[in-house]
Asker: 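Below you'll find the structure I mean.
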Amino acid sequence: MSDLHERVLDWYAENARELPWRAPDATPWGVMVSEFMLQQTPVARVLPVYERWLEAWPRPADLAAVSTGEAVRAWGRLGYPRRALRLHGAATGIVERHGGEVPSSYDDLLALPGIGDYTAAAIASFAFGRRHVVLDTNVRRVLGRAVAGVEFPATAVTRAERDLATGLLPDADAVAATWAVATMELGAVVCTAAAPRCGACPVADLCAWRAAGYPAYDGPPRRGQTYAGTDRQCRGRLLAVLRDSDGPVHRSTLEQAWSPAGQRDRCLDWLVDDGLVARLSADTFALP
DNA sequence: TATGCGTGGAA
DNA sequence: TTTCCAAGCAT
């Protein structure tokens, strides 16, 4: 084991945040729920929703037994509500094909809706102690800086990146799993995107990016996320109206929530197509 | 493979 | 006030 590994593992042992999905009594289902919620969403916003979610649906079968609308409502304002639909679908698949137990293999996990390479590896690693390369944005940034010497990784995962991460993965399953969560944690709280806290970094003196004098990012412009006026904002606004209503909502109520009308109507149809909204009649809508 | 999908806190 | 961005996925 290299200095890099020992430093990161020791740092994690001392500095890991206590999060409910890392608690000794966390179940694979709890880990899975957390991974869905944490996709593109900060920990602080996930925590309260996670607690309520597991209280309501402590097992996959509990979620699979309710309507998708209940899942969408409970998702609240976490964002990207299709994740709620996919988590519900994944729970259903677990009940139908895995006897109600979250599968432990990467391939079985990957086959479930809403689970891609990262999430499959993360669940297999964190919930079952399997050895997997867990390449999320944090790990990519940490390895990119510490080893490759660049401020930010490429837009998409490159072969070189995956090879690097594979080469650094400890041999033993349990150590590999801890390495995965430790490198993620380092990226989340120390080696952050905007203002890295190099003074608190256990591998600062090994860091290639630091040694090179913190060269600025040199690559294609990183895509900004415009939001005001987009379909995303429109969809979010419409769904919020339905989420905040107890029963069906008349079209006239939705019409007050957004203009222009053309975009609103198109987004409403789209939400229905996505399964996020149910059309009860020509002019009434509700959560599915 | 480049894009679009929500949301809100921080700088 | 803007801009950035936070444990990705599906297409």
Asker: Report, as a single string ordered 5' to 3', how protein heavy atoms within less than 4.0 Å touch nucleotides 1-11 of chain C: B base, S sugar-phosphate only, - not at all.
Answerer: ----BBBBSS-

Asker: Is it true that the side chains of A:T166 and A:D163 contain a donor and an acceptor less than 3.5 Å apart?
Answerer: no

Asker: Has A:R59 got its NZ or CZ under 6.0 Å from the middle of the six-membered ring of A:W29, at an angle within 45 degrees of the ring axis?
Answerer: no

Asker: Please confirm whether the ring centroid of A:W75 lies under 6.0 Å from the ring centroid of A:W53.
Answerer: yes

Asker: Nearest nucleotide by nearest heavy atom, which residue falls closer to the 5' end of DNA chain B, A:A195 or A:R83?
Answerer: A:R83

Asker: Contact class for A:Y227 vs. all strands (heavy atom < 4.0 Å): base, sugar-phosphate, or nothing?
Answerer: base

Asker: For A:E35 and A:R83, what are the C-alpha separation, side-chain angles and deciding distance, and is it a salt bridge (charged side-chain N to carboxylate O under 4.0 Å, His left out)?
Answerer: CA-CA 10 Å; A:E35 291 302 335; A:R83 291 183 292 168; over 6 Å; no

Asker: Validate the cation-pi geometry between A:R145 and A:F152: distance from NZ or CZ to the six-membered ring centre under 6.0 Å, angle to the ring axis within 45°.
Answerer: yes

Asker: Say you pick atom C1' in C:dA7 and the same atom in B:dA11; how far apart are they, in whole Å?
Answerer: 22 Å

Asker: Would you mind classifying the nucleic acid contact of A:R232 as base, sugar-phosphate or nothing, using non-hydrogen atoms under 4.0 angstrom?
Answerer: base

Asker: On DNA chain B, does the nearest nucleotide to A:W270 precede the nearest nucleotide to A:A156 from the 5' side, or the other way round? Give the residue.
Answerer: A:A156

Asker: Walking along DNA chain B from 5' to 3', note the first and the last nucleotide with an atom under 4.0 Å from a heavy atom of chain A, and give both.
Answerer: B:dT3 to B:dG8

Asker: For A:R159, does the CZ atom have more than 12 heavy-atom neighbours from other residues, nucleotides or ligands under 6.0 Å away?
Answerer: no

Asker: What distance, rounded to whole Å, do you find between the two P atoms, one in C:dC9 and one in B:dG8?
Answerer: 23 Å

Asker: Between A:L109 and A:A124, what is the shortest heavy-atom contact and its length?
Answerer: CD1-N, 3.8 Å

Asker: What's the spacing between A:Q233 CD and A:W258 CH2 if we round to 0.5 Å?
Answerer: 4.0 Å

